[in-house]
Visitor: 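Here it is, the structure in full.
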Number of protein chains: 2
Amino acid sequence: MSSPVTRNDVARYAGVSTAVVSYVVNDGPRAVSPQARERVLEAIRVLGYRPNATARALRTGSTQTFGLITPDGGNPLFAELAKAIDKAAAERGYVVLQTSADGDPETERTKVAQLLARQVSGLVLVTPTEAPDLSGADVPVVVVNRLLPGVSSVSPRYREGARAAVEHLAGHGHTRIALVIGEGGRRVPERERGWREGLRAAGLPDGPAIRVGFRREGGYLAGQWLVGLEERPTAVFASSDLQAIGLLRALREAGLRVPADVAVVAFDGTPEAEYSWPPLTVVRQPVERMAAEVVRQLVEGTVGEPTAYPTELVVRKSCGC
Amino acid sequence: MSSPVTRNDVARYAGVSTAVVSYVVNDGPRAVSPQARERVLEAIRVLGYRPNATARALRTGSTQTFGLITPDGGNPLFAELAKAIDKAAAERGYVVLQTSADGDPETERTKVAQLLARQVSGLVLVTPTEAPDLSGADVPVVVVNRLLPGVSSVSPRYREGARAAVEHLAGHGHTRIALVIGEGGRRVPERERGWREGLRAAGLPDGPAIRVGFRREGGYLAGQWLVGLEERPTAVFASSDLQAIGLLRALREAGLRVPADVAVVAFDGTPEAEYSWPPLTVVRQPVERMAAEVVRQLVEGTVGEPTAYPTELVVRKSCGC
DNA sequence: TTGAAAGCGGTACCAG
DNA sequence: CTGGTACCGCTTTCAA
């Protein structure tokens with residue numbers, strides 16, 4: 001704790017004008033004599049001067065900062081995504097300010113407003129439901145996880161990935177393949193479509209489906225429902241790793257073995273899924289590619305076409321391979 | 001995307017001075033006539049005016065914002081902590097800007113500088129190692145997870161918690177109790193001391209100990225080391241949930257059962273530990289209490305005494321109860 | 001190569 | 001109750 005040192009203090013100490021201090025700090029836009037530069041640098045060192053980014057932003061109109069809002073900080077997928085976005089942004093000289101909406105649309109709205117008020121240079125909205133009204137935003141916004149017409153948005157190819165998962169399961173000879181899908185949005189989720197498509201492609205009828213929360217508890221609930229079914233499915237596609245983790249628990253408690261009694265494939269591909277028992281076969285989200293694209297669109301300020309990136313099936317133990 | 005609306009535009013539209021706009025927006029410090037207020041509110045609505053927090057911060061000298069740096073966004077413990085801090089801060093009208101240092105001291109330094117440059121009103125540093133030089137900071141800083149003399153810091157009672165875990169294990173009749181401890185810092189970790197104390201209190205000799213990363217891979221490595229030991233311990237205390245998860249995997253792969261062959265207790269108590277197989281008995285960190293205290297100290301600007309909060313043993317299946 | 005000064009968007013004092 | 005205005009820290013043009 002000490003009183004803040006300003007550019008004025010530095011100028012006075014170095015015996016130059018504030019303009020010169022600015023030239024030195026920013027390495028431009030005017031040249032500075034070696035002597036003056038040295039004196040300024042010395043002053044900065046001695047005084048412990050740190051430029052005020054707030055003032056700079058006010059003057060230049062740019063904060064060189066992106067805001068990132070995820071639906072749930074506790075979901076490892078979003079943690080991974082945040083990390084990847086942070087990395088990609090840092091490479092371009094931007095700072096990412098992260099915050100979580102905790103799955104609450106009201107909170108999400110508040111966070112969006114707070115970030116915009118802070119004059120972020122761009123906003124990343126990871127949202128499981130509908131995106132809030134962004135019409136007031138005067139900065140580029142990229143929505144992740146949901147393709148929105150007219151808005152820059154990136155997502156994995158949910159449908160294709162889900163379908164691949166189901167076809168893989170069907171390839172193991174399963175004929176009753178259930179779906180555990182997440183809540184949110186009112187349209188039919190892409191992953192549900194993919195599941196259905198996979199079933200069709202394999203000539204199978206729809207299996208039972210249940211809608212639950214995206215987290216472990218949701219999967220656990222789904223599992224309890226599933227084991228109580230008259231015609232129990234022999235395979236399940238879960239729309240998130242976390243759900244699959246909860247599902248595994250419910251199956252275990254019911255004395256069912258995975259994959260012997262019930263095979264499982266999950267969507268996401270987070271580290272947690274690798275350490276579950278059995279290790280989960282997953283449809284891996286293209287986190288790095290999406291992050292790179294998000295940052296690219298933010299930096300270039302282009303309203304990109306909604307784009308979906310291919311997923312990858314990572315085979316482990318839970319599918320019965 | 002539209003051009004930014006400023007207070008000037010609002011004043012002009014409403015036919016008042018900028019001062020009056022300010023009084024309306026901030027509900028003070030001067031009274032405004034109902035008519036003027038109504039006109040201003042109307043102008044704000046029509047124009048879609050959003051106050052520029054950057055300018056406000058510059059003028060008032062306060063951003064009403066806290067910075068939070070965690071060592072690893074992927075660790076559920078820190079996600080929980082971030083959420084709790086965010087909640088506590090929001091109740092006091094503060095916004096929390098979160099970022100992760102990814103376990104790299106260099107990155108941590110950078111992030112600290114970036115946050116300070118953005119004039120945060122306070123900084124929370126969750127750090128597994130030594131804290132960086134904070135002498136330049138002119139705002140309150142609270143360190144979490146490590147008690148530092150002369151710096152506001154909060155942490156769980158690591159030693160006490162670890163000791164309770166070990167004594168619990170000893171109470172089950174185990175006599176060879178191993179330690180899996182995290183890397184970082186150069187002092188003897190508190191959790192290691194607690195483990196040793198617990199052993200002493202039970203009249204047991206030191207068990208084998210290994211230092212590995214705090215995450216799943218670290219625990220996995222530790223597990224592989226452990227199963228190869230000549231005199232294999234029958235119980236393990238792991239310094240984080242994630243390590244225990246990795247440990248479980250290694251034990252399973254070696255054909256060992258938990259808790260029958262090896263009992264496990266972990267430190268942290270995150271949701272992930274509840275869904276592992278078997279569910280982990282854990283020493284639960286007092287996340288909410290710590291978060292509340294962190295925010296209190298930041299808001300009040302007091303350099304608090306380093307304080308440690310009691311943990312709680314949560315008994316599940318992995319200990320053999 | 002340097003300095004003076006305007007102005008970014010707000011706040012709040014002072015005078016009316 | 002309201003308007004005019006100085007100022008927060010910084011950038012950058014313009015003139016010297």
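Within every chain, numbering begins at 1; the chains are lettered A, B, ... in the order of the sequence lines, protein sequences first and strands thereafter.
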Visitor: Between B:Arg7 and A:Leu58, just flag the one whose closest nucleotide in DNA chain D comes earlier from the 5' side.
Guide: B:Arg7
Visitor: Can you tell whether the side chains of B:Lys111 and B:Asp102 come within less than 4.0 Å, N to carboxylate O?
Guide: no
Visitor: Decide, yes or no, whether a salt bridge links B:Asp27 with B:Arg37 under the criterion of side-chain N to carboxylate O below 4.0 Å.
Guide: yes
Visitor: Is atom CZ of B:Arg215 surrounded by more than 12 heavy atoms (other residues, nucleotides or ligands) closer than 6.0 Å?
Guide: no
Visitor: With rounding to the nearest 0.5 angstrom, report the OG to CG distance, A:Ser155 to A:Asn145.
Guide: 7.0 Å
Visitor: Could you tell me from which nucleotide to which nucleotide of DNA chain C, 5' to 3', there is an atom under 4.0 Å from chain B heavy atoms?
Guide: C:dG9 to C:dC13
Visitor: So, taking the atom named CG in B:Leu77 and the one named CG in B:Asp268, what distance separates them when rounded to the nearest 0.5 Å?
Guide: 4.5 Å
Visitor: Return each pair, listed once, that meets salt bridge (Lys or Arg N to Asp or Glu O under 4.0 Å) where at least one residue sits in residues 8-21 of chain B; pairs must be two or more places apart or across chains.
Guide: B:Asp9-B:Arg12
Visitor: To the nearest 10°, let me know how far the axis at one end of the helix from C:dT1-D:dA16 to C:dG16-D:dC1 is tilted from the axis at the other, five pairs an end.
Guide: 50°
Visitor: Considering only distance and modelled atom types, tabulate donor-acceptor pairs under 3.5 Å from the side chains of residues 293-300 of chain B, sequence neighbours left out.
Guide:
unit_1, atom_1, unit_2, atom_2, d
B:Glu293, OE1, B:Arg296, NE, 3.2
B:Glu293, OE2, B:Arg296, NH2, 2.9
B:Glu293, OE2, B:Gln297, NE2, 2.8
B:Arg296, NH1, B:Glu300, OE1, 2.7
B:Gln297, OE1, B:Ser152, OG, 3.1

Visitor: Using a 4.0 Å cut-off on heavy atoms, which residues in residues 42-55 of chain B reach DNA chain C? List them by number, or say none.
Guide: B:Tyr49, B:Arg50, B:Pro51, B:Asn52, B:Ala55
Visitor: What pairs meet the ring pair (Phe, Tyr, Trp, His ring centres under 6.0 Å) rule with one or both residues in residues 24-55 of chain A, with sequence neighbours excluded?
Guide: none
Visitor: B:Arg59 near the nucleic acid: base, sugar-phosphate alone, or nothing, with a heavy-atom cut-off under 4.0 Å?
Guide: base
Visitor: Closer than 4.0 angstrom, basic N to acidic O: yes or no for A:Arg45 and A:Glu42?
Guide: yes
Visitor: With sugar-phosphate meaning primed atoms plus P, OP1 and OP2, does B:Asn26 contact a base, only sugar-phosphate, or nothing at under 4.0 Å between heavy atoms?
Guide: sugar-phosphate
Visitor: Can you tell me how far CG of B:Leu97 sits from OG1 of B:Thr99, rounded to the nearest 0.5 angstrom?
Guide: 9.0 Å
Visitor: Classify the nucleic acid contact of A:Val16 as base, sugar-phosphate or nothing, counting any heavy atom under 4.0 Å across all strands shown.
Guide: sugar-phosphate
Visitor: Which of residues 29-38 of chain B sit near DNA chain D, with a heavy atom under 4.0 Å from it?
Guide: B:Arg30, B:Ala31, B:Val32, B:Ser33, B:Ala36
Visitor: Of all nucleotides in DNA chain D that come within under 4.0 Å of a heavy atom of chain A, which is furthest toward the 5' end and which toward the 3' end?
Guide: D:dG9 to D:dT13
Visitor: Between B:Ser121 and B:Thr65, does a side-chain hydrogen bond (donor to acceptor under 3.5 Å, both in side chains) hold up when you go through it step by step?
Guide: CA-CA 5 Å; B:Ser121 304; B:Thr65 299; 5.8 Å; no
Visitor: Go through the structure and list residues passing side-chain contact (heavy atoms from CB on, under 4.5 Å) with A:Arg56, not counting sequence neighbours.
Guide: A:Asn26, A:Thr60
Visitor: Which part of the nucleic acid, if any, lies within contact of A:Ser22, taking any heavy atom under 4.0 Å across all strands shown: a base, the sugar-phosphate backbone alone, or nothing?
Guide: base
Visitor: Excluding sequence neighbours, so at least two apart, what forms ring-ring contact (aromatic ring centres under 6.0 Å, His included) with A:Phe214?
Guide: none
Visitor: Name all pairs fulfilling the ring pair (Phe, Tyr, Trp, His ring centres under 6.0 Å) condition that reach into residues 77-118 of chain A, sequence neighbours left out, sorted by first residue then second.
Guide: A:Phe66-A:Tyr94
Visitor: Test of understanding: with side-chain hydrogen bond (donor to acceptor under 3.5 Å, both in side chains), list the residues that count as partners of A:Glu106, not counting sequence neighbours.
Guide: A:Arg109
